[in-house]
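The block underneath contains the structure these notes are about, expressed in structure tokens.
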Amino acid sequence: MSIISMAELPILQFEDKIVETVDKNPVVVVIGETGSGKSTQLSQILHRRGYTKSGCIAVTQPRRVAAVTVSRRVSEELNVQLGDEVGYAIRFEDRTSEKTIIKYLTDGVLLRESLSNPELSQYSVIILDEAHERSLNTDVLLGLMKRLIKLRASNLKVLVTSATLDGEKVSRFFSDCPILNVPGKLFPVEIHHSSERPKSYIDACMNKALDIHTQEPEGDVLIFMTGQDDIEKLVSRLEERIQRLEEGSCMDAVIYPLHGSLPPELQIRVFSPPPPNCRRFIVSTNIAETSLTVDGVVYVIDPGFVKQRQYNPSTGMYSLDVVQISKVQANQRAGRAGRTRPGKCYRLYSSVAYKDDFLDATIPEIQRSSLAGSILYLKSLDLSDINILKFDFLDPPSFEALEDALKQLYLIDAIDDEGSITSLGRTMAELPLEPSLSRTLLEANECGCLSQALTVAAMLSAETTLLISQSKSADKKRKHNPSNLPDGSGLGDHIQFLQIFELWHQTDYNTGWCKENNLQVRGMKFVKDVRKQLCQIIQKIAKGPMDVKTSKRRREDQDYRSLRKALCSGYGNQLAERMLRHNGYKTLGFKSQLVQVHPSSVLRTDEEGLFPNYVIYHELIATTRPYMRNVCAVEMPWVRPVFAKLQNLNVSKLSGGANQSHEEVQPENSDVQKDDVVNAAPAQPAEDVDSKILAARERYLARRGQANK
DNA sequence: GAGCACTGC
């Protein structure tokens, strides 16, 4: 195919320059705009110029589909069988062989590889593609690469591809390495800014869409909304308004919603060409910004918002907030209008707002997530020369976030009281799960309920993709569903997940059964794959066969006591105690939160209408109120060991003295002692009043203030 | 009695 189309790719004109720069430098940043061909060509150029003689070329992608489609393209261009010289590796699927010299993989897979081979010695070149998307895994990899080029100075080249606005930052991170600019092949996009923010962005989107439809020549319209609700509102209003337009006054129109929870058959509608003389309106979430590319888009409407999940390490709580997009995102959105011909982008904000208010780049995921998993992973790599809290991140997470991660890991026995990884922690790091679930599996293995725990862990890994999403008007209540789904025996959501999977197992994984019960087939298959993968890893760790069969529970364990006890160990940091005489809970940890059981939970109350005294929760999420999502009843005696650990918690010791202040974070129930220590300070002779103690006191009071809200 | 964007090992 491709001799002609390849020759047109802009990047090929820079081949000599690229090779010369890579020859002379261990790290090179490549700014490659959309359509530059960087993802398919950089690897081939370096292969042509001899870089595969001493090892393979790895190219990471943030998404699975990208790894597959790009590797397929490259294998076609090189005219080889996919899986031979060119292959890919993604979770559940390794299409590489002894012959493979160019390997596309997701960044998560490369991280797993470096666990068993920290020097990644099989690779002569590592290309981190789309690094500007700044996934958690990419950021960890960037830090590891910085170390690796020192260890392997003579035989490793690293290329990082990024966006215009943050290439310089990446270059500074890698000791001012050179930056190569490769132009893209986008058509020009005219940008129109509004003079001010609209009062209602849904109305503004609708008016702009109607303007385009009645005044602009043919071409599809892509509208970015923040979520399913707004998408549905806009779709129905737009349908109504377009129907009212005078017949013959303009061309026909179809309107498609597009978001992640849409069933696949509705998602793929946007990829089939529209009927002739018909304009398509695609009302989409962020999914159309990078993950899905819709051909035929000529007009983009960008209100400038996105919905983002953030983690607050001081409360352990997630929230989903509508925030302003970054400049990088705004440019990415605009670019969606110029893929097939010159286009237009209508921004519902002013150029001044863009220039002055918008961040250059989106706040990276590493500054918005719980870091327990990543920190455990880094600890298990034994980077002996550095304290993990001083790990060199491109954008370092806050000290608070690191402390929170250490606290979590300590409470589930992954690290000891001095912050060193335990043998249990090492085993946990091998499992592709969040630490709470890996810990549950290992405990379940001791309690004889490994098989059940594997199922629960796999179900929770897919939890958000299980239920078929329906529009607002339809009934989508899980527990009031007329279907015959089990109710977790009233013990909670983890147990319900187990029971659902076991029922599906009994139908021999029948897809019809999923549909009847309103479960996404895709999601349930994913659960099955995850469970299988976990079984394989566990058996490898145990060096022998284990009892992992999906089976009915033993008769003597009617109340799932073993499983719930195992969950209690895994969720040591996610325990809550019910308050006296009502159904509110307070979380147990050094900072207590008042929370409630999420209304979607299947947890049952007793005859007096009260929930169990103790529960574990999978996550805290603040929506209209702070809620615990996915809870499971546990019992006082199982909780006691965690209480003991909370008493001994000394976070500054965990961080290996990285916290230079004199503050010692104590369990919540030792507040009195804490007050004494801190208040004593000003009474001492002036020279003893260390400013650090005062700072610690301020932070402490600020935290208490928050907790009491 | 709620209402959740998107990825990934």
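Note that the structure is predicted; figures quoted are calculated from it, not measured. Just so it is clear: chains get the letters A, B, ... in the order the sequence lines come, proteins before strands, and each one is counted from 1. Just the heavy atoms: all of them, side chains too, but no hydrogens, waters or symmetry mates, feed the values below.
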Hey, is the side chain of A:Thr106 poking within less than 4.0 Å of OP1 or OP2 on B:dC9, counting only N and O atoms? yes
Side-chain N,O (A:His598) to OP1/OP2 (B:dG3) below 4.0 Å: yes
Measure from CG on A:Asp230 to C1' on B:dC4 and round the result to the nearest Å. 12 Å
For A:Ile90 and B:dG8, what is the distance between atoms CD1 and P respectively, to the nearest whole Å? 8 Å
With distance as the sole criterion, is a donor-acceptor pair present between the side chains of A:Tyr201 and A:Asp230 under 3.5 Å? yes
Can you check whether A:Tyr627 has a side-chain N or O nearer than 4.0 Å to OP1 or OP2 of B:dA2? yes
What is the distance, to the nearest angstrom, from the CD1 atom on A:Ile621 to the P atom on B:dG3? 8 Å
Under 4.0 Å from OP1 or OP2 of B:dC6: is there any side-chain N or O of A:Thr290 that close? no
Could you say whether A:Phe92 or A:Gly227 is positioned toward the 5' end of DNA chain B, judged by the nucleotide with the nearest heavy atom to each? A:Gly227
Take the protein atom NE2 of A:His618 and the nucleotide atom C1' of B:dC4, then report the distance between them rounded to whole Å. 14 Å
Considering only heavy side-chain atoms of A:Arg91, the closest of B:dA2, B:dC4, B:dC9 is B:dC9
Salt bridge check, A:Arg629 against A:Asp493: does any charged N sit closer than 4.0 Å to a carboxylate O? no
Is A:Arg197 close enough and on-axis enough to A:Phe305, meaning under 6.0 Å and within 45°, for cation-pi? yes
Any A:Thr624 side-chain N or O less than 4.0 Å from OP1/OP2 of B:dG3: yes
Under 4.0 Å between any heavy atoms, over every strand shown, what does A:Thr285 touch: base, sugar-phosphate, or nothing? Just pick one. sugar-phosphate
Using heavy atoms to find the nearest nucleotide of DNA chain B for A:Gln308 and A:Glu434 separately, return the residue whose nucleotide is more 5′. A:Gln308
Closest to the side chain of A:Arg64, out of B:dC4, B:dA5, B:dC9, is B:dC9
Closest to side chain of A:Glu619, choosing from B:dC4, B:dC9, B:dC6: B:dC4
NA contact type, A:Arg134, heavy-atom cut-off 4.0 Å: base, sugar-phosphate, or nothing? nothing
What is the distance from CG of A:Leu376 to P of B:dC9, rounded to the nearest Å? 18 Å
Nearest-angstrom distance from the residue atom CG of A:Leu258 to P of B:dA5: 13 Å
Can you find a side chain N or O atom of A:Thr623 that sits less than 4.0 Å from OP1 or OP2 on B:dA2? no
Length of the line joining A:Gln310:CD and B:dT7:P, which is rounded to integer Å: 18 Å
List for me each residue that meets salt bridge (Lys or Arg N to Asp or Glu O under 4.0 Å) alongside A:Asp94, sequence neighbours excluded, and say none if there are none. none
Side-chain polar contacts of residues 425-436 of chain A - donor-acceptor pairs under 3.5 angstrom, sequence neighbours left out - could you list them?
{"residue": "A:Arg426", "atom": "NH1", "partner": "A:Asp382", "partner atom": "OD2", "Å": "3.1"}
{"residue": "A:Arg426", "atom": "NH2", "partner": "A:Asp382", "partner atom": "OD1", "Å": "3.1"}
{"residue": "A:Thr427", "atom": "OG1", "partner": "A:Ser423", "partner atom": "O", "Å": "3.1"}

Hydrogens and angles aside, do A:Thr138 and A:Glu133 bring a side-chain donor and acceptor to less than 3.5 Å of each other? no
Value in whole Å for how far the C1' atom of B:dC4 lies from CE of A:Met317: 16 Å
Answer with base, sugar-phosphate or nothing: what part of the nucleic acid does A:Val109 contact at a heavy-atom distance below 4.0 Å? sugar-phosphate
Hey, does A:Leu111 reach any base, or is it just sugar-phosphate, or nothing, if we go heavy atoms under 4.0 Å? nothing
